[in-house]
Amino acid sequence: AVTGYKKMIGNFVQVQLDNSMKVKGSALLACDGVHSYIRQCMQEGSEGSALNFTNQEAWWGTTTVRPGSALEQELLHIAASRKMQGYNVG
């Protein structure tokens with residue numbers, strides 16, 4: 001489970017996990033439910049209620065990244081341009 005996070009130089013975020021592991025990425029999504037711990041951390045010190053309806057919808061899905069595909073090449077290019085060490089597609 002996530003116990004905290006901090007913004008890093010270069011538009012990265014570092015996430016602290018409850019097993020002391022640190023994970024670096026380009027985004028942190030608070031998809032941990034209506035009582036989201038991440039959202040509470042992000043809204044720390046803000047006025048008003050914790051939840052505000054914004055009339056937004058979200059869709060999600062999964063995809064397979066085939067070796068040699070244009071998608072794999074784009075993901076590898078993004079990883080290289082952001083110097084994301086250890087990034088693995090596949």
Side-chain angles (χ1 to χ4, degrees):
V2 175
T3 60
Y5 76 97
K6 66 180 180 178
K7 295 178 184 177
M8 306 291 288
I9 296 172
N11 294 325
F12 290 105
V13 63
Q14 180 175 289
V15 177
Q16 178 73 43
L17 302 177
D18 61 358
N19 64 359
S20 300
M21 186 175 175
K22 294 179 181 176
V23 180
K24 182 179 167 185
S26 57
L28 173 59
L29 305 177
C31 301
D32 51 342
V34 67
H35 302 290
S36 170
Y37 174 75
I38 299 300
R39 187 171 46 250
Q40 289 174 17
C41 291
M42 290 178 172
Q43 293 180 339
E44 189 175 39
S46 64
E47 301 290 325
S49 66
L51 298 175
N52 296 299
F53 182 66
T54 62
N55 203 27
Q56 300 289 319
E57 291 185 37
W59 295 82
W60 68 273
T62 61
T63 189
T64 301
V65 179
R66 291 192 171 84
S69 68
L71 178 57
E72 180 190 45
Q73 295 306 310
E74 181 63 21
L75 292 172
L76 291 171
H77 173 75
I78 291 169
S81 69
R82 295 182 180 177
K83 297 179 183 162
M84 296 172 72
Q85 296 175 348
Y87 182 77
N88 185 8
V89 175

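Just so you know, these numbers come straight off a predicted model, no measurement behind them.
Residues satisfying the side chain to side chain contact (heavy atoms under 4.5 Å, CB included) test with Lys7, not counting sequence neighbours, are none. With sequence neighbours left out, Asn11 forms a side chain to side chain contact (heavy atoms under 4.5 Å, CB included) with no residue at all. Checked against side chain to side chain contact (heavy atoms under 4.5 Å, CB included), Ser69 has the following partners two or more places apart in sequence or in another chain: Val65, Arg66, Leu71, Glu72.
Looking at every heavy atom in both residues, Val13 comes nearest to Tyr5 through CG2-CD1, 3.7 Å.
Met21 and Leu29 fall into different hydrophobic clusters, where Ile, Leu, Val, Met, Phe, Trp and Tyr are joined by side-chain heavy atoms under 4.5 Å apart, directly or via other members.
The closest side-chain heavy-atom distance from Leu17 to Val2 is below 4.5 Å.
Taking CD of Gln14 as the reference point, atom CE of Met8 lies at 4.5 Å (rounded to 0.5 Å).
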